[in-house]
S.K.: 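Sending over a structure as C-alpha cells; questions will come in a sec.
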4 protein chains.
Amino acid sequence: MHTAFKTIGLLGRHQQADLAEVLEQLLQLLAPLAVDVLVENDLAEIFHDDRAEMTTRESIGARADLVIVIGGDGSLLSAARTLAKYETPVIGVNRGRLGFLTDITPDDMSEQIPAVLAGQYESESRFLLDADVLRNGKRIASGDALNDVVVNSGTSARMIEYELYINDAFVYRQRADGLIVSTPTGSTAYSLSGGGPIMHPALDAIVLVPMFPHALSSRPIVVDGNSDIRVDILDRNHLHPPVTCDGHITMIAAPGDSVHIRKKPDRMTLLHPVGHSFYASCRDKLRWSNALVN
Amino acid sequence: MHTAFKTIGLLGRHQQADLAEVLEQLLQLLAPLAVDVLVENDLAEIFHDDRAEMTTRESIGARADLVIVIGGDGSLLSAARTLAKYETPVIGVNRGRLGFLTDITPDDMSEQIPAVLAGQYESESRFLLDADVLRNGKRIASGDALNDVVVNSGTSARMIEYELYINDAFVYRQRADGLIVSTPTGSTAYSLSGGGPIMHPALDAIVLVPMFPHALSSRPIVVDGNSDIRVDILDRNHLHPPVTCDGHITMIAAPGDSVHIRKKPDRMTLLHPVGHSFYASCRDKLRWSNALVN
Amino acid sequence: MHTAFKTIGLLGRHQQADLAEVLEQLLQLLAPLAVDVLVENDLAEIFHDDRAEMTTRESIGARADLVIVIGGDGSLLSAARTLAKYETPVIGVNRGRLGFLTDITPDDMSEQIPAVLAGQYESESRFLLDADVLRNGKRIASGDALNDVVVNSGTSARMIEYELYINDAFVYRQRADGLIVSTPTGSTAYSLSGGGPIMHPALDAIVLVPMFPHALSSRPIVVDGNSDIRVDILDRNHLHPPVTCDGHITMIAAPGDSVHIRKKPDRMTLLHPVGHSFYASCRDKLRWSNALVN
Amino acid sequence: MHTAFKTIGLLGRHQQADLAEVLEQLLQLLAPLAVDVLVENDLAEIFHDDRAEMTTRESIGARADLVIVIGGDGSLLSAARTLAKYETPVIGVNRGRLGFLTDITPDDMSEQIPAVLAGQYESESRFLLDADVLRNGKRIASGDALNDVVVNSGTSARMIEYELYINDAFVYRQRADGLIVSTPTGSTAYSLSGGGPIMHPALDAIVLVPMFPHALSSRPIVVDGNSDIRVDILDRNHLHPPVTCDGHITMIAAPGDSVHIRKKPDRMTLLHPVGHSFYASCRDKLRWSNALVN
C-alpha cells in the first residue's frame, strides 16, 4: 500500500480514558505503511512506543503531512489553532458520538484511516478568526479561533455596553451580556445556542450573535467573511470584559479598549472519509432525522 | 447641468394618494436636463403631461438608463422583477417612512435626485431568485423574487411535509407550515419575522427559514448564494402548496411536485444617495438607535 | 373484578388502520367486567360486535362513565370538544408514539386498562377555550378548542392587522400573520412551534403567541386563565381571517369583526395510568432525554 | 388635605445625580400634610433637612405606612427585598424614562404624589422568590429576589450541568450557561432577553428560562407560582456556579449542591397612580406603540 502522506502526527488529550488504546490501534494501522509517526510529547505519560517519535505539537505541525486528532470537537479546535499556520491537513477520530469536525469512530478507524491514507478522502478548507485587543491603538493581546470569539461581561447576568463597527461602518450601540462572533464552523456550536443560524461550512461569512441583548429587536447579523469587525468597549463600563477564543478566556479587555476580529490569513484543511455530508452531521447531532415520526 | 442618464423612467402604483403630485415634482426637476422621460402607462388615469411619454413597464425597462420608482419597498420589489433583465439602474422615492430599498423622501427629492443624475450616487447590485415548479420533471410554472420565495401550506396552522435538498444533497425531511427561501435583500423582511438572521446586502448567500417547524431543533440555514435549492413536496400531503414570490401567490404546487429555487442570472442595480448605510437603515427601521437609553 | 365505571364508551377515527383490531382487544378486556359498552356509530363500517351498542358520540358523552379514545392527540382533541359538556372522563390509547394526551400503547393496554377500570389512575382537569366571532355586537359563529384558537390571515405570508384587548385593556395594535391563543394543553403543540413557552397542564393560564409579527419586539404573553381576550380585526384589512379551533377552520371573520376568546365553563377530565409525568412526556416527545450525551 | 399614610419613608441611591433636588421637592409636597418623614441614613452625605428624620432602611420598613423610592427599577428591586417583610406599600419615582415598576416622573410628581397620598392609587401585590443553597441537606446561604434568581456558570460561554426538579418531579438534565427562574415581575427583564414570555404581573406563575441550552429543543417552561423548584448542580461540574438574585451575586454554589427556589411568604405591595396599565408600560418600554407605522 502506498500513501502520499509520508509523516503522520498524532494528537490527543492525555485525560481521555482510552487514548493509549486508540493510539496503539493507530500505530498498528500505520505500521504496514512506510510512514514516520510523530506523537505529541504531552502524551509521554500514558504512551510510549518505539515506532513513534515523541515531539512538540509545533514540531508536528511543521513536519507532518497529515495530523490525526483523537478526541472530540474540542480537541480538534485546539489542534486547528496550532496547525493552521503550517497548513497541515487534519482528520479527527472521535471516541464518543460523532462531532461536527471529527467523523471517524474508533470502530470505523481500521477501515477509514487506511482509505484516507490511500487518498480516498474529501478535503475542505475552514477559515479561522484572529482577535486582537487594542488599547490606545496598540495591540496588547491576541488570540485565534476556529469556532468563535466571544466578547462578554465575564459574568452571566451582567451587561456590557459596546459599539459595533463593520468595515468601519457604525452598526449599533448595544447593551447585552456579550457578542458572539462566529465562523461557519462555529455556527453549529455556541452561536446556535444563542439563536444564530446554521451556516454551511463552505460559506464565506461571519455571524454576529448578541447575547441576551437589552433591545429585543437585535438579531444575528451575517456579514461577508472578509469583514473587519470592531467592538468598542465603552468607557462607561465598570467591568473588564474577557474575550474568549473557542471557549477559552484568552484576553481581558478594559473599558475604552477595542476588540478587532477578522479572518486569519491561514486556513485549516480538514479531511473527511469519502461520502461525508455536513447535513448528515446536522441530522445526527441536532436530531433532525426523525422529525416526521409522529 | 449634465447627466449620464439620457432616458429616465418613472414607475409607481396609481392607488398611491399623492402620486400625481410627486410625478409633477419629478418632471420639474428633470425639465432643466436634456432627458427623455417615460412614464408607465398604467398611470395614464391619474397623470398626463406633454413632457413625458407614456409607455409600458417593459418598454421602460428596455429604453431607460435610470428608473425612479415612487412608492414603498413593495413597489420597488415589483419593479425590480421587471427591470432586472434589462439591468436598468433603479432608485426609490418613498412617500412615508424610509424603506430598506427606497431611501429618498419627497422632501429630499429636490436635492437628491439632481445629485444622483449628476453622478453622485452609490450603486449596489442585488441578486434575485428564480423559482420553478416541476411536475414529473417538467417545468409547469415559474416566478422570480427579489426578497423571498415561500413554499407553504396555503393555510396558516396547517403543515406540509417536504424534503429539502441543497445541491442535490439531502438536508432533511420536515413537517412545517412552510419554508422561506430568502435573499440578503429579503432577510430584513418576512424571513426576519420568522427568526432568520439579518444578512448584509452584499453577502452572496441565501437563507432557508422553516415556518413553525414541528421539530424544535430546526433552525435557519445560510448557504452559498449559488446553491441549487430543491423542495420536494411529499406525495402524502393532502394539500396543494402555494409558492409565493415576494408575497404574491405566483404558483400552486401539488403533492409530488418539486420546487426549484436558485439565483437568477440577471441582477438588479440599486442606486442610493451618497452616504447611504445599510446599518443606518437597520437602526431606523428596527429601532436599534435608542437601545442604550435607559 | 369490580369497577366504578359502569358504562364505557369507545371512540376512534375509522380511517385508522388497525382500529377494528384494537376495538376487539378492548372488548375482550372489558368482557369480564359487568359493563355496558358503547361504540361510536361512525365506526359501524369497520366494526360490529354484539357485546357493544352502536350509538352517537353525543349519546356516548351523555351516558358513558368513561370514554376510551383510540388514536393520537388529534383524536383526543376532537373527542374532548364533544365530551367536555358531559364531564365524562377520557383516556387515550395511542397506536404509534405516545402523545401528550394519549399515554397508553396497544401493547400496554391489557395491563393498564383493567388497572384504570379498577380505580388505579391519575385524574387531571384540563380547560378548553370558547371562541365567538362578533359582528356589530352579535355572535355570528362560535367554536371551542382544547389546544388553541388561531386567528390568522388565511394565507401564509400575508399579514392581518388587529388590536388585542385583554379584559378590555388595550394591549397592542399589531400586523402579523396571525395570533395563537393557547391553553396549557396546547402549549406543547402549535404554540410551541411559534416560540411560545411550555406551560404545565395544571397552570391556570393562557398564552398569546404572535405569528411572524412585523414588530420584532412582540413576544408571547402569558395571562391568567380567566382572562377575556378580544381580537379586533381592523376595518382596513382586505382579507377575511379564518379562525381555527384545534387546527380546524371553524369560522371566517371579516374586517370589522371581533373574535372573543375565553375559558369554557366545562372542563375535560383526562385520566392517566398511575405514575404519569408531564415532564416525562416532554423528555420523550421533545427529545430532551439524551441532552447530556456528548 | 388628609392622608391615610401617617409616616412616609424616602429611599434612593446617593449616587443619583439630582437626588437631593428630588428629595427637596418631595419634602415640600409632604409639608402641608401632617406626616412624619423618614429618610434613609445612607443619604446623609447629600441630604439634610430638619423636616425629616434620618434612619435605617430596616427602620423605615418597620415604621413607614408608605415608602417612596426615587430611582429606576433597580432601586425599587433593592427596596422591595427589604420592605416585603414589613408589607409596606411602595411607589417609585423615576428620574429618566419610566420603568416597569416606577411610573411617576419628577415632572408629574407634584400632581401624582398628593393624589396617591389622598388615596387615589391602584395597588397590586407582587410576589418574590426565596433562594437557598443546600449542601448535604443543610442550608448554607440564602437570598431573595423580586425579578429573578439565576443559577449560572459564572462565566459567559461556559456551561454547567444540572438536573431540574419541580415539586420533586424530574424535569430534565441539562447542559447550559445557566437557568433563569423568574417571577412575572421579572418576566420583562432578563428573562425576556433570554427568550422567556411576558407574564402579566397578576399571574401566579414562575418561568424557567434556560440560558444558551445545549439541547435546541429546550424551551422556557411556565409553572404554577407555588411550585417548589430545585436545581441540582451535578458533581461532575468543575466550576462553582454563582447564584444571582435580581442581578447581584448573592451566593456561590459548589458541585453537588442544590439550589432551592420557591415563592417568598411575604409579598410586595406596589402602588401606581390611577389609570396605570401594564400593557401601556410594555408598549412604551418595548416600543410596541408604533408597530403599525409603515
Side-chain angles (χ1 to χ4, degrees), chain C residues 159 161-167 169-176 184 187-188 191-192 195-210 213-227 234 236 277-280 282-283 285-294, chain D residues 159 161-167 169-176 184 187-188 191-192 195-210 213-227 234 236 277-280 282-283 285-294:
Chain C
M159 287 194 175
E161 297 182 12
Y162 55 86
E163 288 184 352
L164 174 65
Y165 292 81
I166 299 176
N167 295 335
F170 175 58
V171 178
Y172 52 52
R173 183 180 273 225
Q174 187 166 259
R175 194 189 280 170
S187 74
T188 49
S191 168
L192 188 60
I198 293 166
M199 302 195 293
H200 188 277
L203 189 72
D204 188 12
I206 291 171
V207 66
L208 302 113
V209 180
H214 185 259
L216 294 186
S217 62
S218 189
R219 293 296 167 95
I221 304 177
V222 185
V223 297
D224 189 88
N226 296 303
S227 301
L234 298 190
R236 61 200 275 187
S277 157
F278 169 67
Y279 300 117
C282 289
R283 289 194 300 273
K285 300 275 296 176
L286 307 179
R287 300 169 188 282
W288 285 350
S289 29
N290 300 316
L292 281 194
V293 175
N294 185 31
Chain D
M159 287 194 175
E161 296 181 14
Y162 55 84
E163 288 184 354
L164 174 65
Y165 292 82
I166 300 177
N167 295 336
F170 174 58
V171 178
Y172 52 53
R173 184 181 271 224
Q174 186 166 259
R175 195 190 279 169
S187 74
T188 49
S191 169
L192 188 60
I198 294 167
M199 300 195 294
H200 188 277
L203 189 73
D204 188 13
I206 291 171
V207 66
L208 301 113
V209 180
H214 185 260
L216 293 187
S217 62
S218 190
R219 293 295 167 94
I221 304 176
V222 184
V223 297
D224 188 88
N226 296 303
S227 301
L234 298 190
R236 59 199 276 186
S277 157
F278 169 67
Y279 300 116
C282 289
R283 288 194 300 273
K285 299 277 293 177
L286 307 179
R287 300 167 189 284
W288 286 349
S289 26
N290 299 317
L292 282 194
V293 176
N294 183 34

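Chain letters run A, B, ... following the sequence lines, proteins first and then strands; every chain starts at 1. Everything numeric here is computed off the predicted structure, so don't read it as measured data.
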S.K.: Applying side-chain contact (heavy atoms from CB on, under 4.5 Å) between C:V222 and each of D:P184, D:P197, D:P220, report the one that passes.
M.R.: D:P197
S.K.: Which one wins on heavy-atom pair count under 4.5 Å against chain D: C:D204, C:L216, C:I221?
M.R.: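 Of the options given, most contacts go to C:I221.
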S.K.: Roughly how far, to the nearest 0.5 Å, is the CD1 atom of C:I198 from the CG atom of D:L208?
M.R.: 10.5 Å
S.K.: Could you tell me the separation between the CG atom of C:L286 and the OG atom of D:S218, rounded to the nearest 0.5 Å?
M.R.: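 The distance works out to 9.0 Å.
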S.K.: Report yes or no: does D:R287 contribute a side-chain atom to a donor-acceptor pair with the main-chain N or O of C:S217 at less than 3.5 Å?
M.R.: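 It does not hold such a pair.
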S.K.: Against chain D, label C:F170 side chain, backbone, both or neither, depending on which of its atoms sit under 4.5 Å from a heavy atom there.
M.R.: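 Looking at C:F170, backbone and side chain both touch chain D.
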S.K.: Could you work out, with side-chain hydrogen bond (donor to acceptor under 3.5 Å, both in side chains) as the rule, every residue matching D:S191, not counting sequence neighbours?
M.R.: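 If we apply the side-chain hydrogen bond (donor to acceptor under 3.5 Å, both in side chains) test to D:S191, skipping adjacent residues, there are no hits.
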S.K.: Apply side-chain hydrogen bond (donor to acceptor under 3.5 Å, both in side chains) to C:S227 and list each qualifying residue two or more places apart in sequence or on a separate chain.
M.R.: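 Counting only residues at least two positions away or on another chain, C:S227 forms no side-chain hydrogen bond (donor to acceptor under 3.5 Å, both in side chains).
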S.K.: Under 4.5 Å heavy-atom distance to chain D, tell me which part of C:L192 shows up: side chain, backbone, both or neither.
M.R.: both
S.K.: Could you pull out the closest heavy-atom pair between D:H200 and C:V223, with the gap in Å?
M.R.: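 Distance-wise, the nearest heavy atoms are CB-CG1, 4.3 Å.
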S.K.: What part of C:L203 gets closer than 4.5 Å to chain D, counting heavy atoms only: side chain, backbone, both or neither?
M.R.: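 It is the side chain, since no backbone atom gets that close.
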S.K.: If every non-hydrogen atom of D:R219 is compared with every non-hydrogen atom of C:G195, which pair is closest and at what distance?
M.R.: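 Result for this residue pair: NH1-CA, 4.4 Å.
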